[in-house]
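To keep things clear, I will list the structure first and then write my remarks on it.
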Amino acid sequence: MADLLSSLINQNLVDLKPYESARRLFSGGQDWLNANESPYANSYQVDSDRFNRYPSCQPEAVVSAYAQYAGVKTSELIVTRGADEGIELLIRTFCTPGEDNILICPPTYGMYAISAETCNIGIKKAPLKTDFSLDVDAICATDDVNLVFICAPNNPTGTTVDAADLTRVLEHFADSALVVVDEAYIEFDKQNSWADKLAQYPNLVILRTLSKAFALAGLRCGFTLANRNVIDALMKVIAPYPIPEPVAQIAEQALSHEGKTQVELQVDFINREKQVLADALSELGDIELVGDTRANFVLFKTAQSEQLMEYLVSQGMLIRDQSKQMNLQHCLRATVGNEEQNLRLRKLITEFFNQSGASA
Ligand SMILES: *Cc1c(COP(=O)(O)O)cnc(C)c1O
């Protein structure tokens with residue numbers, strides 16, 4: 001059997017390992033501050049009357065509600081199984097396996113590279129500068145790429161991109177590549193969205209999701225915004241029934257007036273808690289804040305990152321180790337949770353440093 005599989009398997013998959021998602025790394029624990037999820041679990045109604053029918057490929061109510069929310073036309077949007085499916089669709093639609101490349105700017109979100117690898121697409125890198133701004137010269141010096149992935153606010157640095165930098169990138173690649181701006185965290189940094197620039201830049205693509213500010217990571221619902229010709233091409237590749245009926249129903253409720261108002265209140269709360277957490281951490285002598293706090297998490301550095309991580313895990317407090325990412329040695333990322341969780345996190349970190357200080 002092993003011989004059979006190794007003779008059959010797609011050769012470019014042999015060396016790949018499954019993505020170490022937060023949920024796969026740790027299944028126990030009590031406080032999950034490792035996946036940038038919302039601390040809120042909002043409630044929804046589901047109507048089973050139509051469950052015997054295949055769902056609409058692109059549920060109209062969700063398409064029009066999100067188009068209105070994002071300020072784009074309904075023809076400029078496709079609903080996907082999370083933003084992750086949007087990433088994969090873009091790669092499958094606009095890159096030819098074994099020939100084409102994408103460009104990424106690490107440290108950044110891991111799924112761009114993973115999707116490219118599983119599709120046998122090459123990965124070129126133009127690392128962020130030491131202040132985590134785009135290295136525009138390095139980006140523009142990279143040729144032979146079909147897609148350029150830029151995450152803003154960036155996961156895991158929490159930084160946004162300079163508008164003049166992104167403009168240069170969009171213009172440089174106007175005739176050669178699509179520039180994909182991943183706005184998974186845009187609700188926490190609203191004024192920096194590029195959604196109103198689609199008409200100006202035909203090669204601009206924007207990724208969105210209900211997983212973060214909308215508190216629906218379990219729903220698996222995301223959106224790709226782009227000019228109509230890009231969306232029409234993605235429609236050729238997407239599955240016939242990608243959005244389950246219950247997902248469409250819940251997404252529609254989340255995008256109602258009440259749903260959006262609730263998200264705004266929750267984002268305001270998370271942004272305030274984030275500031276409190278960041279201030280408290282920065283006052284601990286052994287911790288240095290890293291990057292910026294434009295998303296729903298705080299990134300920080302400590303010489304004892306490994307021991308601190310171990311201590312927090314032993315206490316059921318799960319945050320995410322980012323120390324293996326490019327230029328993020330000794331860095332940990334903590335998602336902003338509810339008030340109680342944030343307090344507990346601060347208390348545990350303070351305790352850890354008191355103990356290690358006493359024994360040093
Ligand atoms: C969480 C995240 C996503 C994935 O969103 P889903 O809609 O849950 O697939 C995409 N991009 C970034 C930067 C993220 O942090």
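Counting starts at 1 for both ligands and their atoms, in listed order. Worth knowing before you read on, the calculation uses all heavy atoms, side chains too, and leaves out hydrogens, waters and symmetry mates. Just so it is clear, the model here is predicted, and its values are computed rather than measured. The residues of the chain are indexed from 1 along the displayed sequence.
In this structure the side chain of Leu343 never reaches within 4.5 angstrom of the side chain of Glu340, judged on heavy atoms. Residues Lys125 and Leu103 are not in side-chain contact: their nearest non-hydrogen atoms beyond the backbone lie 4.5 Å or more apart.
Within the structure, the closest approach of Cys151 to ligand 1 falls below 4.0 Å when heavy atoms are considered. Distances shorter than 4.0 angstrom do not occur between any heavy atom of Gly222 and any atom of ligand 1. Residue contacts with ligand 1 include Arg220, since one of its heavy atoms falls under 4.0 Å from the ligand.
Between Gln68 atom CD and His257 atom NE2 the span is 10.5 Å, to the nearest 0.5 Å.
When the heavy-atom distances from atom 12 (C) of ligand 1 to Asn155, Asp182, Ile87 are ranked, the shortest goes to Asp182.
For Asp189, the salt bridge (charged side-chain N to carboxylate O under 4.0 Å, His left out) test picks out Arg294, with sequence neighbours left out.
Near Ser211, the atoms of ligand 1 lying under 4.0 angstrom from a non-hydrogen atom of the residue are 6 (P), 7 (O), 8 (O). For ligand 1 and Gly82, the ligand atoms under 4.0 Å from any heavy atom of the residue are 6 (P), 7 (O), 9 (O).
Protein heavy atom closest to atom 1 (C) of ligand 1, with residue, atom name and distance, is Lys212 NZ, 1.4 Å. For atom 15 (O) of ligand 1, the closest heavy atom belonging to the protein is Tyr185 OH, 2.6 Å. Closest to atom 10 (C) of ligand 1 among all protein heavy atoms lies Tyr109 CE2, 3.4 Å.
Below 3.5 Å of separation, one finds no N or O of Arg81 facing any N or O of ligand 1.
With ring centers used as reference points, Tyr185 lies under 6.0 Å from Phe297.
Both Val46 and Val79 are assigned to one and the same hydrophobic cluster, defined by single-linkage of ILVMFWY side chains at heavy-atom distances under 4.5 Å.
Checked by atom type, the side-chain pair Tyr311/Glu351 shows a donor-acceptor distance below 3.5 Å.
Judged by distance alone, the side chain of Asn154 and the main-chain N or O of Thr159 form no donor-acceptor pair under 3.5 Å.
Of the heavy atoms in Ala83, both backbone and side-chain atoms come closer than 4.0 Å to ligand 1.
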